[in-house]
Every structure is written in C-alpha cells, then in structure tokens.
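Per chain, numbering begins at 1; letters A, B, ... match sequence-line order. Please read all numbers here as calculations on a predicted model, not as lab measurements.
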Protein chains: 2
Amino acid sequence: MATGRTHRPATRSRGIPEATVARLPLYLRALTALSERSVPTVSSEELAAAAGVNSAKLRKDFSYLGSYGTRGVGYDVEYLVYQISRELGLTQDWPVVIVGIGNLGAALANYGGFASRGFRVAALIDADPAMKGKPVAGMPVQHTDDLERIIEDNGVSIGVIATPAGAAQQVCDRLVAAGVTSILNFAPTVLSVPDGVDVRKVDLSIELQILAFHEQRKAGEEAASDGGPPAAAARKDSADQGPDGDVPAVMPA
Amino acid sequence: MATGRTHRPATRSRGIPEATVARLPLYLRALTALSERSVPTVSSEELAAAAGVNSAKLRKDFSYLGSYGTRGVGYDVEYLVYQISRELGLTQDWPVVIVGIGNLGAALANYGGFASRGFRVAALIDADPAMKGKPVAGMPVQHTDDLERIIEDNGVSIGVIATPAGAAQQVCDRLVAAGVTSILNFAPTVLSVPDGVDVRKVDLSIELQILAFHEQRKAGEEAASDGGPPAAAARKDSADQGPDGDVPAVMPA
DNA sequence: ATGTCTTTGTGAACGCGTGCACAAAGATGG
DNA sequence: CCATCTTTGTGCACGCGTTCACAAAGACAT
C-alpha cells in the first residue's frame with residue numbers, strides 16, 4: 001500500500017489535548033518576554049492578550065497542566081515558564097540534524113530561534129559533494145554518506161528535511177532507519193513513515209495558497225457590494241457554483 | 001491593551017469549511033503530479049492515498065466544490081486541477097512582496113514553489129541601507145522607505161514578513177496601511193491587525209517544540225515499560241500516532 | 001474576623017471536523 | 001435491455017475543541 005501515514009486518530013497525549021500542546025510554545029514565548037521585563041505575575045486576561053488567544057481557552061489549557069495559578073492574583077511568571085518548559089521537554093538538550101543545505105537549509109541553520117529553546121544543531125548534511133566541508137553557520141557541511149553515523153554518534157532523534165521534494169522520502173527513510181523518531185519536513189511531499197514516528201510539515205506554498213483563497217473571496221465580496229476596484233491586480237471572475245462544467249480544463253501547472 | 005486581533009470567527013468562507021480549504025492545495029499538488037504523468041482519471045481512494053488523507057474526507061471535501069466526479073470511474077484529473085485552481089484563486093496572478101531579506105527572506109525569494117503556483121515576487125524590501133540594490137534571486141533589494149509606493153504601484157495585496165521579531169509589527173502596520181490585506185508572518189510575534197486582514201504565521205521554533213513534546217513522551221513511555229535506558233537513538237514501534245493531519249505551524253487568522 | 005473584590009478553574013452547551021456505511025449513479029458486459 | 005460491478009456523494013453519529021458563565025478560592029482592606 002505505501003500509504004502516507006499521516007492522519008491523527010485523536011491521540012490525547014498524556015491527557016493533554018493536541019490543540020493545547022500546539023499553543024504551549026505560544027504561551028511560553030509571551031511568558032519569556034514578561035520574564036525578561038521582570039514582571040512577577042500575570043493574569044489570564046493579560047497573558048491571553050499577549051499570546052493572541054481567548055482567556056478562557058488559556059485557563060483551560062493551563063488546567064491540563066495543573067493548578068498553577070492563584071485566584072485573585074494570576075500566574076507566577078517564572079514558575080509558569082518552568083512548568084511549560086518542562087512539559088514541552090525543553091529542559092533537556094535536543095540535538096537536531098538538518099538535511100539539505102540549500103537556501104532554506106542554510107536559513108534554518110542560521111536561525112537563532114532553535115538554539116534559544118534547547119535545540120542544538122548537531123550537524124548539517126547535504127548530498128552535494130561540492131558542499132562537503134563548506135562552512136554554513138559556522139559549521140562544516142557533511143556528506144549524506146555519513147548520515148547514519150552522525151545520527152548515532154550524536155544521539156539525534158529529531159531531523160529536519162529541507163531537501164528538494166524528490167529526495168525527501170529517501171532521506172526520511174534513512175533518518176528513520178538510523179533512529180530518528182521526529183521529523184520536521186519542509187519538502188513539498190507527503191512522507192510515509194512507520195508508526196511511532198511523528199512528522200510535522202511546513203509548506204510555504206500551501207500557506208500562500210490559503211491566503212490567496214481568502215483574498216479572492218474578499219475581492220469578490222467587495223466587487224459585489226462596493227463598486228470601487230481597489231488596484232491593479234483585481235481580476236475576479238467568480239460566477240462560481242456551476243455544478244455542471246462551465247469551462248474547459250486547462251491550467252498552468 | 002490592544003489585543004492582537006487574530007482569531008477566526010468561524011468563517012465558513014462561501015460555505016467551504018476552513019479545514020477543507022487547507023487541504024485543497026494538498027490535493028492540487030497530488031493532481032498536478034498525476035497530470036504530468038498524463039493520468040486521465042483518478043479514484044478518490046488513489047488520490048487520497050497520494051495526498052495522505054482519508055478517502056471519505058477527500059470525497060466530502062470535493063462535494064463542497066460541486067459534483068465533479070463520475071461514479072464508477074472517478075475524477076477527471078485535468079478538470080479537477082482546473083476547478084481547484086479556480087477555487088483557490090490561482091488562475092489569477094498574485095503579486096507578493098517579501099519584507100526582510102535576511103537568510104530566511106532570501107531563501108523565500110529563491111523558493112521555486114511560489115512562482116509555480118501563480119504567485120509572483122513583485123519586490124524584495126529590507127530596512128538595511130547596505131542591502132539596497134543588492135541582487136537577491138535576480139532582483140534588486142529595495143529600501144523600506146519605498147514600501148508604500150511599491151505596494152501601490154504593483155497592486156500588491158499579499159505580503160510576507162521575514163523580519164526580526166522587533167520590526168514585524170511596525171512593518172505589518174505599514175503594509176496594512178498601504179493596502180495589503182493578507183500577511184504571511186515568519187517573525188516569532190503575534191501580529192495585531194484590523195478586521196478584514198488575514199494573517200497566517202509560520203513559526204519554525206514552535207514546530208520543533210511540538211515535536212520535542214511528543215519525543216519526550218515517547219522516551220518516557222519507553223523508559224517506563226522497557227526499563228532499559230535507550231542508547232543514543234531510541235527505536236520503538238509502539239502504536240502511538242503522529243499529531244499531524246492538519247495545518248501545522250499556523251494559527252488561523 | 002468579616003466582607004468585598006478579583007481572578008481562577010471548570011461544568012455544560014455548542015459547533016466543527018471526521019469517518020463509517022450505504023444508497024444512488026453510472027459504467028460495463030452479456 | 002438487464003444484471004452486475006465500481007465508485008461517488010452524503011446522512012448520521014461521535015468526539016474534540018471552543019466558549020460562556022459562574023461558583024469557589026484566595027487577596028486585601030477595615
């Protein structure tokens with residue numbers, strides 16, 4: 001079958017809802033900023049505003065971690081920073097490898113947000129022999145041939161794939177075989193992995209396409225009610241909703 | 001405090017669920033690949049496998065667009081490519097500006113996935129005077145001073161922010177004031193925008209933190225049952241599933 | 001100590017998304 | 001023309017996530 005195993009059967013990890021886990025880093029960032037300003041306590045309302053979420057949601061999220069607040073006062077910033085960090089596993093060191101040192105891979109290697117959160121770039125790996133030894137972000141690029149050894153030597157369990165789409169699955173297979181159990185995939189492909197391996201994907205093109213959808217809808221609505229076409233590129237053709245085909249099928253890929 | 005206006009009012013845009021919209025680009029990519037191999041038709045089962053989703057979900061998604069399939073046969077690939085492209089607004093040209101030409105901004109400028117989908121990088125903008133005129137991805141970087149003019153001259157409605165966190169809100173405000181109504185934000189900050197402006201954010205650090213959470217959980221479970229402290233790389237195959245399946249790294253605006 | 005005021009923690013209702021399972025629709029073969 | 005087979009389109013049920021609204025808990029002043 002070789003189906004891309006990527007669906008989620010509602011795994012409530014350790015009782016903490018997945019949606020909550022996804023927001024914890026957001027809270028952590030806001031709390032870190034408060035901590036740097038030496039703010040001692042914060043209310044759910046204030047913190048929610050800083051994180052851009054509903055305050056009730058924030059309180060419910062925190063309730064999954066435990067009762068860390070004080071009624072009438074709020075939450076202790078430092079204590080909460082520690083609790084969330086611990087919950088997310090950021091109190092330990094996570095060696096990470098980045099495979100595919102093109103433009104994006106290099107950008108990731110230079111990205112400061114990793115190191116500041118307990119992640120350590122253990123190695124940069126590329127398939128191009130010409131890249132071998134070349135320093136990127138103060139670190140020599142290593143060749144794909146040594147991938148397995150690098151993973152093992154450094155105890156890497158998290159891998160970042162920034163290769164072209166064509167190479168992604170092969171790289172993924174090798175990473176998994178070498179012991180990696182979490183993968184962050186930037187290649188525009190559906191990765192197929194065995195059970196027990198987590199894959200998260202970031203697709204820049206998809207994000208833009210979603211924006212384009214909403215943008216088109218806004219343009220359509222505006223054109224329908226208001227008469228003023230805003231600027232140059234406003235070619236809309238809505239007339240949607242034709243159950244039967246209205247236009248032939250040809251499209252630029 | 002001025003709350004970051006970033007929540008989604010359950011906008012069932014035009015009756016198409018947000019979750020479905022987020023999957024359309026996925027289907028489109030799989031269909032494009034089929035089209036290039038000159039495959040005439042495809043069943044929901046096959047296409048679902050290629051896109052990494054459930055076949056029933058895929059059929060339901062398509063049902064929101066209309067009845068474009070033929071029972072007993074499947075879907076016409078070319079026709080479906082066109083319909084989805086039209087629905088996503090990819091049949092028109094979308095000029096995009098990228099603000100902040102650091103490592104990430106440069107990587108985005110060079111990213112081929114944009115141009116291949118109807119997006120056109122209209123301008124690269126940076127606040128550093130030293131960058132002005134410097135060619136990146138075959139295009140001269142322009143200075144922030146000209147931001148408003150560039151937006152207007154090119155009819156740009158989609159902006160990409162790849163600046164440091166500190167500058168993001170300011171850049172965002174200027175983009176919005178100049179007429180941009182959709183923003184893709186790579187800066188690790190919560191952006192505050194007026195109603196009617198869509199913001200999607202991609203945060204690389206957050207993605208890794210979510211992976212770390214699951215990784216820690218896996219390690220903990222293993223230690224609890226197996227007892228043996230894993231060597232460097234943990235290897236197990238317990239039946240827990242990945243958290244993927246939807247849109248990671250992104251808060252619906 | 002007592003009352004008031006602030007803020008948390010959560011019960012409950014609701015809506016969205018998912019997946020099952022099946023009837024309807026059309027293709028295909030005799 | 002009828003029977004059979006394939007595949008779509010969808011009604012329905014279920015569970016997760018979100019939000020409201022409020023009682024409980026603690027701080028603080030008198």
Q.
Under a plain distance cut-off of 3.5 Å, with no hydrogens placed, do B/S44 and B/R59 share a side-chain donor-acceptor pair?
A. yes
Using atom [atom1] of [X] as one end and atom [atom2] of [N] as the other, report the distance to the nearest whole Å.
| X | N | atom1 | atom2 | value |
| --- | --- | --- | --- | --- |
| A/K57 | D/dC16 | NZ | C1' | 13 Å |
| B/R23 | C/dC16 | CZ | P | 15 Å |
| B/D61 | D/dT10 | CG | P | 13 Å |
| A/E18 | C/dT18 | CD | C1' | 16 Å |

Between the side chain of [X] and the main-chain N/O of [Y], is any donor-acceptor distance below 3.5 Å?
| X | Y | value |
| --- | --- | --- |
| A/W94 | A/G89 | yes |
| A/S43 | A/E46 | yes |
| B/K201 | B/V190 | no |
| A/E36 | A/A33 | no |

Q: Indicate whether OP1 or OP2 belonging to D/dG17 is found under 4.0 Å from a side-chain N or O atom of A/N54.
A: no
Q) Going 5' to 3' along nucleotides 6-12 of chain C, which nucleotides have protein heavy atoms under 4.0 Å from the base (write B), which only from the sugar-phosphate (write S), and which from neither (write -)? A) BBBBBBB
Q: Please determine, for the side chain of B/P17, which listed nucleotide (C/dG19, C/dG17, D/dT18) has the closest atom?
A: C/dG17
**Q.** Set of ring-ring contact (aromatic ring centres under 6.0 Å, His included) partners for A/F186, sequence neighbours left out
**A.** none
